[in-house]
Amino acid sequence: DAKTTQPPSMDCAEGRAANLPCNHSTISGNEYVYWYRQIHSQGPQYIIHGLKNNETNEMASLIITEDRKSSTLILPHATLRDTAVYYCIVRVASTDKLIFGTGTRLQVFP
Amino acid sequence: DAGVIQSPRHEVTEMGQEVTLRCKPISGHDYLFWYRQTMMRGLELLIYFNNNVPIDDSGMPEDRFSAKMPNASFSTLKIQPSEPRDSAVYFCASSFQMTGGTGELFFGEGSRLTVL
């Protein structure tokens, strides 16, 4: 699976949009982009995934660049409860495994 | 569904003792994963099962670690003998149709192991 690069930490004001970047410049055509988050001491939680089109669900939006070498997870109105470590992962759909990297620690402040 | 259930939530033991961690996956899920999380190494995949069969145990650190899945609703991760460096949070996760499916994992709340 392709390697991802994320900033180690970011801050965001409550109520503002949080935009979390991920670089996956070696992604191949059959690899999906996944985002998970882990709130302190809990198990990771699935947020969203996509292949090439932008995706939106009740939690977030995923914007994937046209060349698919990078993506951005958008939390449109961050709350204090969104403070967590966010993991960007790429995975080939035909494989079974999900390998986590180091993620971005998002701190939402009042 | 109650989600993935792990026990015990916390375990404190002494070096050399046997530790058994337990996991009940979500009913109907055909994949089960064991992860370990430490500050130094992050989230590491130890082993996973598909339809109760171990598929990849390349992440298991050494022979002291073993995992079983005797049926679709139960799995154990055993450490014998335990060492202080095994101190970590151990997560179990389950999923339905990883291959070709959404690939969404559902994690339990973890078992925090401290080996003195």
Side-chain angles (χ1 to χ4, degrees), chain A residues 1-9 22 24 27-53 55-60 62 64 71 73 84-105, chain B residues 2-7 9-10 21 23-26 29-51 53-60 88-113:
Chain A
D1 294 335
K3 181 178 170 56
T4 62
T5 303
Q6 298 178 254
S9 63
C22 180
H24 31 80
I27 194 170
S28 56
N30 61 347
E31 287 186 304
Y32 285 74
V33 180
Y34 289 79
W35 283 85
Y36 278 72
R37 74 179 182 183
Q38 186 174 22
I39 296 171
H40 178 63
S41 77
Q42 298 180 18
Q45 175 191 26
Y46 166 86
I47 301 173
I48 199 167
H49 78 282
L51 182 62
K52 58 177 77 173
N53 298 322
E55 302 287 345
T56 295
N57 62 21
E58 65 280 1
M59 289 182 69
L62 173 60
I64 303 174
S71 61
L73 179 74
V85 177
Y86 288 78
Y87 297 96
C88 170
I89 305 161
V90 296
R91 184 186 80 101
V92 177
S94 60
T95 64
D96 301 337
K97 298 193 288 190
L98 209 59
I99 305 299
F100 289 78
T102 55
T104 295
R105 183 172 298 277
Chain B
V4 176
I5 299 173
Q6 293 186 243
S7 64
R9 292 293 314 279
H10 301 275
L21 307 178
C23 176
K24 176 177 166 50
I26 293 173
H29 281 187
D30 55 351
Y31 282 85
L32 185 139
F33 301 79
W34 282 100
Y35 286 84
R36 176 173 70 173
Q37 186 170 35
T38 61
M39 288 291 292
M40 292 295 294
R41 302 175 69 90
L43 261 170
E44 302 173 275
L45 176 62
L46 300 178
I47 184 172
Y48 74 94
F49 297 81
N50 178 220
N51 291 321
V53 176
I55 303 300
D56 185 344
D57 65 354
S58 59
M60 296 285 262
V89 181
Y90 291 81
F91 288 103
C92 176
S94 70
S95 182
F96 177 66
Q97 286 188 345
M98 283 297 286
T99 303
T102 66
E104 179 177 356
L105 296 186
F106 295 81
F107 281 79
E109 296 190 347
S111 293
R112 180 175 295 276
L113 173 65

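Reminder, nothing fancy here: chain letters follow the sequence lines and each chain counts from 1.
- When the side-chain contact (heavy atoms from CB on, under 4.5 Å) test is applied to B:E109, the partners found at least two apart in sequence or on another chain are B:R9.
- Only the side chain of B:L45 comes within contact range of chain A, with heavy atoms under 4.5 Å apart.
- For B:F106, no part lies under 4.5 angstrom from a heavy atom of chain A.
- Between the side chains of A:R91 and A:Y32, no donor N or O sits under 3.5 Å from an acceptor N or O.
- Partners of B:I55 according to the side-chain contact (heavy atoms from CB on, under 4.5 Å) rule, which considers only residues two or more places apart in sequence or in another chain, are A:D96, B:Y48, B:N50, B:V53.
- When heavy atoms are compared at a cutoff of 4.5 Å, B:Q37 approaches chain A solely by way of its side chain, counted from C-beta outward.
- A distance-only check finds no donor-acceptor pair linking the side chain of A:E55 to the backbone of A:I48 [under 3.5 Å].
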